[in-house]
Amino acid sequence: MTAADVAKVARLARLDVTAEELERMTVQLDGMLEHFADIDALDLHTVEPMTQPYPLVNVLRPDVVQPCLDREEVLAAAPSAEDGRFRVPPIIGLDL
Amino acid sequence: MSAHDGLPGDWILVVGLEVHVELATNTKLFSASPNRCGDEPNTNIDPVTLGLPGALPVLNEHAVELAMRIGLSLNCTVQACTFHRKNYFYPDMPKAYQISQYDQPLCVEGYLALPGGKHVGIERAHMEEDAGKSTHVGGSGGRVHGATHSLIDLNRAGVPLVEIVSKPDIRSAEEARQYVSELRAILVAIGASDAKMEEGSMRVDANVSVHKPGTPYGTRCEIKNVNSVRSVGRAIEYEARRQVEMIEAGEKVRQETRHWDENDGRTHTLRTKEDADDYRYFLEPDLVPVAPSHEWIQRVHAALPPLPAQRREHLAVMTGQSADSEAVMSVVERGQDHYVLAVGHLGGDTARALVYVKEAFADQGPDPAVPAIDIAGLTNLEVEGKVTATQAKAILADIIANGGGDAAAIAAAKGFEALDTGALESVVDQVIAEQADAWAKFCAGDGKAMGAIVGAVMKATQGKADGKLVTALLNQKKASRP
Amino acid sequence: MGIAETVAQVKSGAVKADFLFEQKLALIASRYTEIHAFNHVMADEARAAAVAVDEAVARGDDPGPLAGVTVALKDNMCTRGVPTTCSSKILEGWRPPYDGTVVSTLKTSGAIAIGKTNLDEFAMGSSTENSAFGPTRNPLDTNRVPGGSSGGSAASVAAGFSDVALGSDTGGSIRQPAALCGVVGVKPTYGYVSRYGLVAFASSLDQIGPFTTSVADAALMLDVIGGHDPLDSTSIPQAHPSLVDVLGQGVEGLRIGRITDLPEGADPDVQERLEVAFDALRAQGATIVDVQVPAFTFGLTAYYLIAPAEASSNLARYDGVRYGLRVEAADTNAMYGATREAGFGDEVKRRIMLGTYALSAGYYDAYYGKALKVRRLIHDDFDRAYQQADVLLTPTSPSVAFEIGSKGDNPLAMYLCDTYTIPTNLAGHPGMSVPYGTGAHGLPVGVQVLAGTLQEPTMFRVAASLERSLA
Ligand SMILES: [Mg+2]
Ligand SMILES: [Zn+2]
């Protein structure tokens, strides 16, 4: 894993890492991935991925309304609110 | 050339449509707060909708059933499916991921038949959650650019959506319009959605490309923000011409997302695929697969109401019209076909009823507030020649205004009382006698003279005469002159 | 005194819940900063709950199956109106508007929730040193760690601050600190206890479980908090048989598995206690059988690809929009970057980065996808082993509690603490740590009992027998 990879991942994860952190993380993450190469020796071609520890299907909920949270309580816990809504800085660099 | 929608030369237009529809459920896709628009901002919220730490999604059974209805109506295979997380940051996406379906959607491989008969392939129809709404403050016209800040309302966040992805089978803007109207009609008919494009409960994105015969498909652009059936056609026509002009000028079409601007009638670059999103899809660990049983699918299938195409066919047969005639199309679209058929069941004339309903019931919903028996009475009065078409129209207006009424009684009150053929004939004879000059000219083939005679008959009968019948009588008398 | 006895006394009116609570509160106060088990003590809420229990008793109403039992909650469980921080600056001061399912279950059971315990930030760590609010110290030796990530909960029970505690276990975060603090810690089968209201670290691995001073207490706690929850889609849709009822059944005829290809690395003092445990069970009529779990050794890698991948997604919601920390910036994107950079600690950032990378375009198959296949291998290897053995016995932690700061800045060294606990989470199986004497420096050693899916009753029979063998 190169410093450029780490920088790209930091952007994807929305972490403004510092130059010092970037350097340190590159070394650490690269070291980890090296350690994690132990599974490369395994033949996994015929192995099905396991995503669910306990297999269940069709867990469904009836379409019945339950009480909502109180807006004032929720907005009071928000960093910024206005007109009953969450307030954020201008949305640029993101699509419409 | 008309076959290819006004594109110059032998350019071929290729369009695929992605349609998002909000499902008509009581609650959200993964939580029990109301799925309802128009409420005060941030009132339909719960821990799941807000993406609060610790909140977990639980799938709405009715949403699955509506999604199945959509798939079955579009001739899709309904299959076992899973949910994935699509990871991206946006302030109206509370968890910073959208729960959607990825490689195993609920419905696959179907088609939608356009009214003219052409099949447009359906690649998939999958379930996913909607995002909230952002309002941009301080910029011009609520646009992002120039805004000082934005406000987030999460009432819509988590509303169940079905995304219907067509194959790139559409070859003209007109076909695209037909596809969208037909899809809308189906969605409304099966109760899956109110499918209102203007209100955003149905949203259309168009993938547009152009190419020459015998060459691979061109680079496609995705057009967003198309808010009416009319704009679907306009946006595609504009975009196709833009691409052809670019290529003919030696430029290359870039793969990008473009925004349709209703005001200037153009598409504008939104973002290019170079800053391609990396959504890091992975299976949603908080949900389990949905595997509808054969019995469940059968039950949903059996409960489907007749689809618009079947209803048009039926109405056409019952009224003697063609299934894609304007009257049949619009009456079925308004859901008033059952009303026309009810008039028939009550002994009325369905063909006349179709005309009345098409012309006079545009403002009424699927269940017009007029007893069908009254319309049946009116059709019969007209068919039996007891009132003229003009008189029938006046009676119909009266019936609608009063929410019902006996056609014969109204006709009597209006003095439309039967001017039967015998009575009319004696008036005609009298006019011929009085207007010998005009009659002679008419018999010599002067068309204008007929107008004068008919006008005189009308005057003498105070408008109660049926114009068509008068003309017929005059022609008959001309032919049987000694 | 076990909690069953406490409940009986409170219900009979022989002792007041309020009195028991005030005793605990005084004990907490006497060692509050020394141990730093708690991020927040719920003194007012707990007092009110204790008084309510006493009033119910006075009225002749049933105060519930945990009447008067004091419980400490790991600070990653949502408590309505009470700060829930995950020991992270990004959630500092956040008061959830709802109770998690276990929290409401405890309330209706008459338990007294006395506080929110310290943890490694977002449960990422094995020592509770990664807390934004400072480390928790091991009550048995305050120069040492209590283990982690549920270190505060383990310390609370070990120090007697609460009768019991709840923790969460994603890769060993209940069992390892239980071992290091000399208490019982259980990670049930995935889906046994509702995760609703547990702040997610890695959704397919996280499970809530109890810390207690006895196996019987752990059984009672699980009997109360276990069971189906319609708010958690992964919750097992059935009632679980009582664990309290099986405790006396012994191990006669049970097959106890020794994993012959277990990764090496356990200290000799730890290994020695494990041998004593095998002997004790054999003496009580169990058979010891050798089994192999070849993929066990790949657990660490699979875990450190899967857990960070899920975490990178689970922790994306901390974006400064709706709750928690925000660092203001010129636009939303800049606000995200600045908020998350300032709000998360090093280990959390490291794992978010690792997980984002493992899922990103072009790397999914090589990392996350491959790890899911290894997960299957581990699961299947365990299942084969459970055809030969009813339970497996391993060390819980490779060593006794280590000194604060001794793992330095080496994340991998810390990760190795969970070598023996991680594979169980990947398989979705239950596991528990039973304190089994002491090792180096007179510090406690835990023995880990592992069992197959929903084999908690057998696991508890073995744990209870181990406990009896020490008496
Ligand atoms: Mg799409
Ligand atoms: Zn979509």
Side-chain angles (χ1 to χ4, degrees), chain B residues 30-32 42 45-61 83-99 102-103 132 134 136 144-145 147-154 157 275-290, chain C residues 76-78 84 86 91 94 96-101 103 122 194-200 202-206 229-235 306 309-310 312-324 331-333 335-337 340 355-364 368-369 372:
Chain B
F30 298 116
S31 67
N42 291 310
I45 53 171
D46 56 61
V48 176
T49 299
L50 285 167
L52 292 186
L56 295 172
V58 186
L59 183 59
N60 181 338
E61 178 168 24
F83 288 94
H84 273 68
R85 291 188 186 178
K86 179 182 183 180
N87 294 283
Y88 66 96
F89 286 86
Y90 200 82
D92 60 21
M93 178 57 69
K95 305 180 296 302
Y97 55 83
Q98 179 196 31
I99 304 177
Y102 184 53
D103 53 357
S134 313
H136 309 295
V144 164
H145 296 285
T148 57
H149 62 280
S150 298
L151 299 175
I152 313 294
D153 169 16
L154 295 177
D275 36 88
D277 305 282
D278 183 344
Y279 292 121
R280 287 157 285 134
Y281 279 101
F282 73 105
L283 205 71
E284 165 58 280
D286 289 329
L287 290 168
V288 305
V290 180
Chain C
N76 61 352
M77 297 176 197
C78 288
T84 300
C86 295
L91 275 179
W94 181 61
Y98 79 108
D99 275 331
T101 296
V103 175
F122 285 102
S194 171
R195 291 184 296 120
Y196 189 75
L198 170 69
V199 180
S203 312
S204 77
L205 300 161
D206 298 341
D229 179 10
L231 296 177
D232 174 359
S233 305
T234 62
S235 166
I306 292 169
E310 292 184 10
S312 71
S313 174
N314 284 329
L315 272 62
R317 68 188 61 196
Y318 306 104
D319 58 5
V321 175
R322 298 163 313 283
Y323 45 79
D331 63 75
T332 299
N333 228 356
M335 184 270 281
Y336 289 153
R340 292 165 61 77
T356 304
Y357 184 70
L359 286 174
S360 65
Y363 297 99
Y364 179 99
Y368 184 71
L372 293 180

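None of these values were measured; they are calculated from a predicted model. In the text below, chain A, chain B and the rest are named by the order of the sequence lines, each starting its count at 1.
Annotation: maximal heavy-atom pairing with chain B below 4.5 Å, among C/Ser233, C/Gly369, C/Gly324, occurs at C/Ser233. Top candidate by heavy-atom pairs under 4.5 Å with chain C, chosen from B/Leu287, B/Val288, B/Leu283, B/Leu52, is B/Leu52. Highest contact tally toward chain C, considering only B/Ala96, B/Pro53, B/Ser150, is held by B/Pro53 [criterion: heavy-atom pairs under 4.5 Å].
With a threshold of 4.5 angstrom between heavy atoms, C/Tyr196 approaches chain B through its backbone and through its side chain. At a 4.5 Å heavy-atom cutoff, C/Thr84 makes no contact with chain B through either its backbone or its side chain. Only the backbone of C/Pro230 has a heavy atom closer than 4.5 Å to any heavy atom of chain B. For C/Tyr363, no part lies under 4.5 angstrom from a heavy atom of chain B. Looking at B/Tyr279, neither its backbone nor its side chain comes within 4.5 Å of chain C, counting heavy atoms on both sides. Neither the backbone nor the side chain of C/Leu372 comes within contact range of chain B, judged by heavy atoms closer than 4.5 Å. Of the two parts of C/Asn314, the backbone and the side chain both hold a non-hydrogen atom closer than 4.5 Å to a non-hydrogen atom of chain B.
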Original post:
Which is it for B/Phe89 and C/Arg340 under the side-chain contact (heavy atoms from CB on, under 4.5 Å) test, yes or no, and what are the steps along the way?
Top reply: CA-CA 12 Å; B/Phe89 286 86; C/Arg340 292 165 61 77; 3.8 Å; yes

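Partner of B/Asn87 under the side-chain hydrogen bond (donor to acceptor under 3.5 Å, both in side chains) criterion, out of C/Ser360, C/Ser312, C/Ser313: C/Ser313 alone.
Ring geometry, C/Tyr368 versus B/Phe282: the interplanar angle exceeds 60°, so the pair is classed perpendicular (tilted spans 30 to 60°).
Under a 3.5 Å cut-off, the side chain of C/Arg322 and the backbone N or O of B/Pro94 do form a donor-acceptor pair.
Remark: the C/Arg317 side chain and the B/Tyr97 side chain contain an N/O donor-acceptor pair separated by less than 3.5 Å.
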